[in-house]
Amino acid sequence: SSTLACLSFARMVTMSNLRSHDDTWDIATSVGSTAVMVAAARAQETDSPNPLIRDPYARLLVAGAGAGMWENFLENSMQERIAAADPQIAAIFANMLSYQAVRTHFFDAFFTAAVESGVRQVVILASGLDSRAYRLDWPDGTVVFEIDQPKVLEYKSAMLAGHGAVPTADRREVAIDLRQDWPAALKAAGFDPARPTAWLAEGLLMYLPAEAQDRLFEQITELSAPGSRVSAEAVRHNAEEKRARMRERWEKMADELGIERNVDISDLIYNDPHRADVTEWLNAHGWSATGTVSSDEMRRLDRWVEVDDEDYQDGFSTFVVAERH
Ligand code: SAM
């Protein structure tokens with residue numbers, strides 16, 4: 001097993017330069033700052049002429065985070081500046097923003113369907129700056145648990161309380177790392193494993209090693225009464241050459257825009273070739289799961305943005321939804 005441990009350590013080092021098994025962060029650093037990135041995309045969408053989703057809290061959450069470069073994405077002139085500098089990068093950027101809007105829309109619909117089926121217990125894993133506990137129309141008696149690192153949760157609730165925002169459900173914070181004993185912390189916060197639950201893992205799995213992803217879904221399965229539902233954004237493994245090309249484009253975009261690159265997302269991600277396919281895993285472990293390729297969902301909603309580049313012809317992820325049987 002020490003050989004195994006060594007091997008997996010070596011893999012971790014090569015796959016994620018900035019990560020360790022017990023790393024921590026706040027909203028402005030490391031993995032925490034990625035929550036600001038996706039909230040910035042929601043803010044942009046909310047302010048756009050025909051928004052697919054509305055997140056009235058995204059802008060203020062991004063503006064107060066102190067996460068450097070992502071605040072630039074709040075400027076509405078950003079897209080015009082990119083388009084002037086480099087049309088291809090502009091298309092990639094537009095595709096990315098549209099992807100985030102479609103992703104939010106998809107998982108909003110997941111929760112709407114779950115509460116319509118009678119589920120009143122919700123767990124948002126790695127909730128980051130997700131404001132669903134404040135912006136969705138939850139039926140009376142719905143409890144929404146949010147799990148994330150302590151400083152991330154602290155930032156969001158303090159910021160929203162400071163602006164007079166009130167949760168639309170019984171919102172409970174579970175401040176713990178998902179690589180620790182979060183089921184115990186969740187139960188201590190009042191979670192009842194006997195009741196059906198709707199789970200969400202959005203923008204999370206790529207930040208977990210493959211083994212931690214398997215463990216997470218094992219724990220979710222153990223805690224899920226019949227009638228429970230789970231949804232996840234599942235990412236695929238990308239070849240190193242593709243990652244290098246994407247990194248180059250990203251650096252080019254940041255340089256053209258004069259944005260300080262204080263974090264490189266690809267250094268935070270575990271791009272593990274052995275990661276389980278979430279749909280297959282769930283179907284083999286007591287769930288009925290289906291996957292929707294993100295580009296198909298973007299096309300269905302007429303939000304696909306063409307990018308003249310072979311790396312951008314298929315979807316970035318699969319949106320998985322499953323029911324416990
Ligand atoms: N789900 C939110 C959304 O879509 O807006 C946030 C997504 S953000 C890209 C990633 C989030 O995952 C961050 O808030 C980060 O703190 C959280 N996260 C990543 N790994 C985690 C872990 N091991 N334990 C707890 N939270 C984690």
Side-chain angles (χ1 to χ4, degrees), residues 12 16 18-46 53 55 57-59 61-62 65 67 70 73 96-97 99-108 110-111 122-136 144-157 159-160 173-183 185-186 199-217 219-220 230-235 263-270 272 294 316-317 319:
M12 256 171 62
S16 178
L18 299 178
R19 303 293 311 279
S20 63
H21 73 282
D22 58 354
D23 51 347
T24 60
W25 49 79
D26 59 20
I27 194 63
T29 55
S30 181
V31 187
S33 70
T34 66
V36 185
M37 166 182 77
V38 291
R42 288 193 289 268
Q44 280 281 350
E45 179 69 18
T46 303
I53 54 107
D55 183 345
Y57 305 110
R59 175 168 287 271
L61 287 169
V62 173
W70 301 122
F73 289 79
M96 190 180 94
L97 285 179
Y99 170 79
Q100 293 295 339
V102 168
R103 166 177 126 176
T104 306
H105 181 263
F106 185 91
F107 294 116
D108 281 3
F110 163 78
F111 281 128
V122 168
V123 180
I124 303 179
L125 303 155
S127 54
L129 300 180
D130 182 327
S131 69
R132 289 190 177 92
Y134 296 79
R135 68 175 179 80
L136 294 188
V144 178
F145 296 92
E146 293 192 16
I147 309 181
D148 208 303
Q149 287 218 357
K151 287 179 182 162
V152 172
L153 286 174
E154 213 175 278
Y155 167 72
K156 180 171 67 182
S157 48
M159 196 67 182
L160 291 179
E173 295 188 354
V174 184
I176 191 165
D177 193 287
L178 288 160
R179 295 162 296 185
Q180 295 169 5
D181 188 5
W182 62 268
L186 183 62
W199 304 85
L200 170 64
E202 179 188 29
L204 167 63
L205 301 178
M206 62 282 250
Y207 302 109
L208 294 176
E211 303 78 15
Q213 172 181 311
D214 290 349
R215 182 77 194 114
L216 182 80
F217 282 112
Q219 290 164 314
I220 290 172
V230 63
S231 60
E233 178 195 30
V235 286
V263 65
D264 199 323
I265 307 283
S266 57
D267 288 333
L268 302 173
I269 286 175
Y270 290 96
D272 195 324
S294 60
F316 168 76
S317 74
F319 303 139

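Order of listing sets the numbers, starting from 1, for every ligand and every atom in it.
- Between L136 atom CG and D130 atom CG the span is 8.0 Å, to the nearest 0.5 Å.
- Rounding to the nearest 0.5 Å places CZ of F106 at 10.5 Å from OH of Y99.
- Nearest-heavy-atom check against atom 2 (C) of ligand 1 across G203, S131, G32, S127 picks out S127.
- A salt bridge is absent between D26 and K151: the closest approach of a Lys/Arg side-chain nitrogen to an acidic carboxylate oxygen does not fall below 4.0 angstrom.
- Applying the 4.0 Å criterion to heavy atoms of V38 picks out, from ligand 1, the atoms 3 (C), 5 (O).
- Close contacts between ligand 1 and R42 involve ligand atoms 3 (C), 4 (O), 5 (O) [criterion: under 4.0 Å to a heavy atom].
- Here Y207 contributes atom OH and Q213 contributes atom CD; the two are 14.0 Å apart, rounded to the nearest 0.5 Å.
- Residues V174 and L153 approach most closely at O-CD1, 3.5 Å, considering heavy atoms.
- With hydrogens left out, the protein atom closest to atom 19 (C) of ligand 1 is V31 CG1, 3.5 Å, a heavy atom.
- Among protein heavy atoms, the minimum distance from atom 23 (N) of ligand 1 is reached at D177 OD1, 2.9 Å.
- Near A35, with a cut-off below 4.0 Å to any heavy atom, the atoms of ligand 1 are 8 (S), 14 (O).
- Looking at L204 against ligand 1, only its side chain comes within 4.0 Å, counting heavy atoms.
- Classification of R132 and E146 as a salt-bridged pair fails, no side-chain N sitting under 4.0 Å from a carboxylate O.
- From F217, atom CZ reaches atom CH2 of W199 across 10.5 Å, with rounding to the nearest 0.5 Å.
- Among protein heavy atoms, atom 6 (C) of ligand 1 sits closest to A126 O, 3.4 Å.
- Ligand-side atoms of ligand 1 in range of G128: 6 (C), 14 (O), range being under 4.0 angstrom from any heavy atom.
- Atoms CH2 and CD1, from W182 and I147 in turn, are 5.5 Å apart once rounded to the nearest 0.5 Å.
- When each atom of ligand 1 is checked for a heavy atom of L208 under 4.0 Å away, the hits are 23 (N).
- Remark: R135 engages D108 in a salt bridge, criterion side-chain N to carboxylate O under 4.0 Å.
- Among protein heavy atoms, the minimum distance from atom 25 (C) of ligand 1 is reached at L178 N, 3.6 Å.
- The atoms of ligand 1 that sit less than 4.0 Å from any heavy atom of R103 are 3 (C), 4 (O).
- The heavy atom nearest to atom 17 (C) of ligand 1, out of those in D148, D26, I27, is found in D148.
- Across the listed options L125, T34, D23, T34 owns the non-hydrogen atom lying nearest to atom 8 (S) of ligand 1.
- Separating the CE atom in M96 from the CE atom in M37 is a distance of 7.0 Å, to the nearest 0.5 Å.
- At the top of the distance list for atom 27 (C) of ligand 1, counting protein heavy atoms only, stands W25 CZ2, 3.7 Å.
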